[in-house]
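Quick notes on the structure that follows.
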Amino acid sequence: MAKKKEIIPDFDDIVFENRNKEYGAYILRKKYHRTAIMALIVGIMVLCAAVITPYFRATTIQAKERKKERE
């Protein structure tokens, strides 16, 4: 005997059960987690770039100064 898994509906499916899913709010709620994760990834990338860029600029300036001193 094969066990049949019960399909448990998502919260969004329960909320929009007897409503118009084509309206747009249903789609936005379904895509929310993906959008939030993408925003988090982009935010982390921007923050890393904002921290790393001044460090690389400082090291290149120091390297140029050392090169000038040698000449």
Side-chain angles (χ1 to χ4, degrees):
M1 293 192 297
K3 292 184 179 180
K4 293 185 179 180
K5 293 184 179 180
E6 290 184 33
I7 299 174
I8 300 172
D10 291 341
F11 180 72
D12 295 333
D13 293 328
I14 294 170
V15 169
F16 286 93
E17 186 174 352
N18 295 322
R19 294 191 171 104
N20 185 7
K21 292 182 180 180
E22 304 298 321
Y23 178 66
Y26 178 76
I27 297 167
L28 288 175
R29 287 178 67 133
K30 281 291 195 182
K31 292 184 178 183
Y32 173 74
H33 294 291
R34 180 176 180 265
T35 305
I37 290 170
M38 290 301 293
L40 179 66
I41 290 170
V42 169
I44 289 172
M45 289 173 57
V46 168
L47 180 66
C48 288
V51 171
I52 292 172
T53 301
Y55 172 75
F56 283 130
R57 292 185 96 196
T59 55
T60 55
I61 290 171
Q62 287 177 354
K64 287 180 183 178
E65 288 176 0
R66 282 189 226 135
K67 188 176 180 181
K68 286 181 182 178
E69 289 175 1
R70 291 181 197 160
E71 292 178 353

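Heavy-atom basis, side chains included; hydrogens, waters and symmetry copies ignored. Predicted, not measured: the structure shown is a model, and the values here were computed from it.
Taking CZ of R57 as the reference point, atom CD1 of I52 lies at 14.5 Å (rounded to 0.5 Å). Once rounded to the nearest 0.5 Å, the distance linking OG1 of T59 with CD of Q62 reads 7.0 Å. Expressed to the nearest 0.5 Å, how far CD1 of I8 lies from CD1 of I14 amounts to 9.5 Å.
In this structure, F11 and R29 have side chains that are in contact, with non-hydrogen atoms separated by less than 4.5 Å.
A salt bridge does not link D12 with K31: every distance from a Lys NZ or Arg NE/NH1/NH2 to an Asp or Glu carboxylate oxygen is 4.0 Å or more.
Transitive grouping of hydrophobic side chains (ILVMFWY, heavy atoms separated by less than 4.5 Å) keeps Y32 and L28 in distinct clusters.
Looking at every heavy atom in both residues, A49 comes nearest to P54 through O-CD, 4.4 Å.
Within a 6.0 Å radius of CG in L40, other residues, nucleotides and ligands contribute more than 12 heavy atoms.
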